[in-house]
Amino acid sequence: MSRLDLGLFIPSTSGSLIIAKGKPPQSVPTWELNKKVAQYADEAGMDFLIAQVKWRGYGGETGHWDSALEAFTLMSGLGAVTKNIKLVASVAVRTLNPAVVAKMAATAHDICGGRFVVNVVAGWNKFEYAQMGLWSDDDYYLNRYEYADEYLTILKRLWTEDHVTFKGEHFEIEDCVSNPKPAKMPEIVCAGQSDAALAFVARQSDYSFIGRLNDTPEQLGETVRKISGMAAEHGREVKSLTLLTVIAAETEEEAMAEKQRYINNRDSVAIEEWQRASGMDRNRADYKELPPEVSTFMSIPHVVGSYQQVAEHLDKLAEQGVSGACLAFPDFAADVPKFCENVMPLMTSR
Ligand SMILES: Cc1cc2nc3c(=O)[nH]c(=O)nc-3n(C[C@H](O)[C@H](O)[C@H](O)COP(=O)(O)O)c2cc1C
């Protein structure tokens, strides 16, 4: 069985991936919390950290995602206080010119000694970008991965070429210069799921995030092979990662009870706003309210069980060719040490 890389979807936004009241899962996304969690994961031998980019949250009593640290700034700071772990910072391509990001990434790459990785976010939430005047019409949404493709072409050329001139549908760059160059090309991650996103991934990305709510490990394996095949057509290799919220305890009963507590304490106002923002507008004829056991966890796959069950689940992902799992927890400060001490030693894929 090949090794499963482990990473954290670090708590850079209020509430992480559970929309529920109470403390935890509500964490205030401070530098101190993220530093503590990042340093613990680094020392424990985890492989990567991802910080998402968020410009607008969902309100409610929890203020879910209302507060979000900026990913490049945060990861640059973490680069200076960690040793080995890779740092994946998300960029919303609509918000920053690629020449600006080329230099930001080169700087961050230098700070952390070549551990910096860029997660390309094409953007799906109109409200985040419309508030900045960056979503003039819905054409952007339809063409977002073409836009991202030109963006990445420019970014990679600026990282490797002295003078870049580029004329595309979305960008015109004239004799553009970006120094210093990163010591080696930063790796690229993309978490898009649509067909356009997968075509983009095959051409431009090194890692793809895969996995829908109820996918079995076998279904994930099929997706891994599909994406590898698409990348191979371009003579490239793309590895697959998956995002997973973990609720683990000594016994399955304890873990199930914890999950139920979050469902019982869900923040219905924030959930409704999240669903609306995700395009599931209540006024639309096809609107379907998601069941609480889905919406409380933002439709993100989650594994709930004893330490042994969680370890076995992760091993099954590795058996299917998934390269890594990015984990989120209800209470990162307490749960990351628990996971590293109790689950990691039980995994055969580590
Ligand atoms: C691990 C992971 C990280 C993501 N990070 C962000 C992010 O930082 N900001 C964001 O707006 N969307 C983020 N997304 C959403 C994706 O970028 C993507 O838009 C979404 O999966 C829908 O796919 P599509 O754009 O192909 O429709 C993330 C998704 C995953 C699974």
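Each ligand, and each atom within it, is numbered from 1 in the order the structure gives. From a predicted model like this one, the values you see are computed outputs, not experimental measurements. No hydrogens, no waters, no symmetry mates; every other heavy atom, side chains included, goes into these values. Counting begins at 1 with the first residue of the sequence.
For Tyr140 and Tyr147, the ring centers sit closer than 6.0 Å to each other.
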Show which side-chain atoms of residues 71-85 pair as donor or acceptor with protein atoms under 3.5 Å away, not counting sequence neighbours.
| residue | atom | partner | partner atom | Å |
| --- | --- | --- | --- | --- |
| Thr73 | OG1 | Glu70 | OE1 | 2.2 |
| Ser76 | OG | Phe72 | O | 2.8 |
| Thr82 | OG1 | Leu78 | O | 2.7 |
| Thr82 | OG1 | Arg115 | NH1 | 2.9 |
| Lys83 | NZ | Glu43 | OE2 | 3.1 |

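His163 is linked by a side chain to side chain donor-acceptor pair (under 3.5 Å) to Asp175, counting only residues two or more places apart in sequence or in another chain. Partners of Asn265 according to the side chain to side chain donor-acceptor pair (under 3.5 Å) rule, which considers only residues two or more places apart in sequence or in another chain, do not exist here.
Checked for salt-bridge contact, Arg350 and Asp47 meet the test: a charged N lies under 4.0 Å from a carboxylate O.
More than 12 heavy atoms of other shown residues, nucleotides or ligands fall within 6.0 angstrom of atom CZ in Arg3.
Contacts of ligand 1 (protein heavy-atom distance under 4.0 Å) are Phe9, Gln52, Val53, Lys54, Ser90, Asn119, Val121, Trp124, Arg144, Tyr145, Ala191, Gly192, Gln193, Ser194, Ala197, Phe209, Leu243.
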